[in-house]
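Contents: one structure, followed by commentary.
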Amino acid sequence: MTETISKPRTAEAEGAASSATGGDLLVLAPLRFEARAVRRGLREPASRVVRVGMGAAKAARLSAAGRVVEKKQPASFGAMIVMGTAAGVAPDLKPGDLVVATEVTDGTSVVELPGADLLAAELRRAGLRARAGKMATVPFLVKPSQRSKLAAEGYLAADMETAALLSAADGRPVAVIRAVSDSGLGPGMITGGIAALRSLRKAAPIAERWAAACAQRTVLLAGPRSFCAGVERAIEIVERALELRGAPVYVRKQIVHNTRVVADLEQRGAVFVDELDEVPDGATVVFSAHGVSPAVRDTASGRGLSVIDATCPLVSKVHAEARRFAREGYTVALIGHAGHEEVEGTLGEAPESTVLVEHAADVATLQPRDESKVAYLMQTTLAVDEAADVAAALRERFPQMRAPGSDDICYATTNRQVAVRAVAEDADLVLVAGSKNSSNSVRLVERSERAGTPAYLIDGATDIELSWLSGVSVVGLTAGASAPPAVVSEIIAALSGLGTVTVTERITTTESVQFGLPREVRR
Ligand code: SF4
C-alpha cells in the first residue's frame, strides 16, 4: 500500500522543497521590530527575513502571485515560517509565551498546519514556553469581548496577518510561531512586547532547525505493528469492568506498558496501583497483561478482593510450564530481564526451582540441583536472536536440557521484530512508537540498530527531535505491541507538516490471533 500526503505546489516550489535546508528558511514578519528580533536570533547566513507590514491587506498584496519570492526575496526558499507577536486570548497565556499554530482561520477559511505539535515540542526542549493550538487572524486589534469569545471557541491567540500570508509558501512546508505580547490592553503592554520580542529571538534558531528537518520523505511502515491480541484483550477487560461495575476499577501495575493507554483508562475511571495494599477492601482489581505470582493471587483472595485476571494467555502458558517443570524436579533457567513484571510473576510460580538467566555469560555460574534435570523458559517479549544465543549457551553446558513445548517468545514479539528489520534495512532512521518500559518496543529499537539503522523510541510525535530528521529521506516506522495504532497516524501527520510524505507499507506477515475474555466481563 502506498499513499502520498502532500499539498499542491508549483514546479518551482517542488524543486525547492525537495532540497530544503536551514539556509532555505524564509521568515515573514509583519513589523520592523519583529523582523529585527528574528534576524538577531538567526544563525544560518542563508536564512532570510522579509518584513510584510501590518494588517491583512498588506500581507495579502505581498503574498499574492508569489510576490514574496519575486520582489522581496530573490533567492528561492524551501520552507517558510510566519513569526511575529500576537494577542494571547487563552486566559492562561503570559507575555513571552509562544504559540505554534495547528490551524489558522480568518473566519472564512481554515488552513491546517500538521507539524505544529512537533515544532512546539522542540521549542519547549530549548527551554521556551510554547504551546500548539488554534490561531485566528482578525481585521482589527482584538477587543476584550472578542478575546473571551475566541478563547471560548478554543483559540489560543490572534493576529492581523497570518491567514493572508500562508499562501506565499506555495505548497512548501509552512509554520507559524507567534509570541504573546499582551493578554489585554493595559500598562503591561510595553513589558509584554519586550518579552515577546525576546522569545521571538530565542525561537529563531529553532525555526532554522525546523527548516533543516523539512524535506520530501518516504515513510516505510512496518507490518505487523502496534496492538497484539493480548494487549487488546487486557484493555477490553478494563473497559468492560468499568462499564459493568462502574468506576473506580483498580488495576495492579500498568495494564500494558504504554503511557497513552494508561492515561486514557485513568481518565475513564481506572486507578493504577503498584501493590494490592493500595486497593480498598472489597474493590475490583484487574491483574495486568504481564501476569502475577501466586503470592499476589493469595493476597488478593485473602483480602476478599474481586479479581479479574487480564494476564495474557501466552504469559499464563509460560507460568504453567514453570509449574510443570518444577513439579517434575527440574531446575528452570528463566531467560529474561531482571525486574520486569512478567519475569517476577513467572519466577514466583516456583521460586525455589527457578533461576533467572539474563545473558549467555550467566550460564557458567549456574548451579542446578541436578545437571541432567535442567529446563529453560523465556520471557515472551525478548529479542529473538539474543534469547536464542542464551538458550544455545545453556544447551552447550546442559546437553540434556528440556525446552518449552512451544516457543515462549510470543508471535507478536517475533512478527514485529521481523517486520522492523524489513524496513530498517532500507531506512535512514527508524521511529518506534512505544513507551520506555515496554520490553517488546525496546527490542524493536535494538533490532533496527543491529540492522545498522539508528532508531528512537517515542511515545508520540512530540518526542521526535528535529535534528534526527536532518538529511533523512526514508523513515522506517513501527509500533510496539502495547502502542495504540493512533500514535502511528499521529506521527505520519506530524511528518507531513515537514514536507510531502509518501507512505509505503511493508507487510511481512498477517496476524489473526484472538483471545477470549474472562467470564467476569463477558456479557
Ligand atoms: S506481547 Fe505477546 S505475550 Fe505480551 S500481551 Fe502481546 S501477545 Fe501476549
Side-chain angles (χ1 to χ4, degrees), residues 222-240 251-262 265 272 286-293 308-322 334-337 339-349 376-388 404-420 432-447 457 478-485 487-488 508-518 521:
R225 63 183 173 278
S226 195
F227 284 172
C228 60
V231 164
E232 279 179 348
R233 174 180 180 270
I235 294 169
E236 192 175 353
I237 286 171
V238 179
E239 288 171 341
R240 286 199 180 204
V251 184
R252 184 184 176 276
K253 309 285 185 189
Q254 292 191 342
I255 185 71
V256 299
H257 285 157
N258 187 270
T259 52
R260 293 279 185 100
V261 171
V262 168
L265 291 172
F272 292 89
V286 178
F287 290 156
S288 81
H290 303 103
V292 297
S293 68
I308 308 177
D309 190 359
T311 303
C312 175
L314 299 182
V315 174
S316 299
K317 182 207 103 173
V318 182
H319 282 224
E321 285 170 327
L334 174 62
I335 305 172
H337 296 295
H340 191 277
E341 284 151 38
E342 181 189 321
V343 165
E344 286 179 353
T346 311
L347 281 172
E349 288 290 351
Y376 80 90
L377 296 175
M378 288 180 182
Q379 184 182 336
T380 58
T381 50
L382 296 181
V384 175
D385 306 354
E386 285 179 11
S406 58
D407 282 351
D408 286 337
I409 297 180
C410 77
Y411 78 97
T413 299
T414 308
N415 290 348
R416 280 152 191 70
Q417 287 177 20
V418 171
V420 80
V432 178
S435 294
K436 290 193 170 44
N437 59 345
S438 162
S439 172
N440 80 84
S441 304
V442 173
R443 304 289 86 79
L444 296 178
V445 171
E446 293 169 354
R447 193 73 205 75
L457 183 62
T478 187
S482 48
V487 179
V488 171
T508 47
T509 188
T510 52
E511 295 175 341
S512 57
V513 178
Q514 282 185 326
F515 298 127
L517 293 169
V521 292

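All ligand and atom numbering here is 1-based and tracks the order in the structure. Values in this document were obtained by computation on a predicted structure and should not be read as measured data.
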Could you tell me whether Arg233 and Glu236 have a side-chain N and a carboxylate O separated by less than 4.0 Å?
no

Please confirm whether the backbone N or O of Thr381 pairs with a side-chain atom of Ser439, one donor and one acceptor, at under 3.5 Å?
yes

Which atom of Asn437 lies closest to which atom of Gln254, heavy atoms considered
ND2-OE1, 3.0 Å

Within a 6.0 Å radius of atom CG on Asp309, are there more than 12 heavy atoms belonging to other residues, nucleotides or ligands?
yes

Closer than 2.8 Å to atom 6 (Fe) of ligand 1, how many protein N/O/S atoms do you count?
1

Determine the interplanar angle of the His257 and His340 rings, folded into 0 to 90°, and report it as parallel if under 30°, tilted if 30 to 60°, perpendicular if over 60°.
perpendicular

Does the distance from a Lys or Arg side-chain N to an Asp or Glu carboxylate O, for Glu511 and Arg416, drop under 4.0 Å?
yes

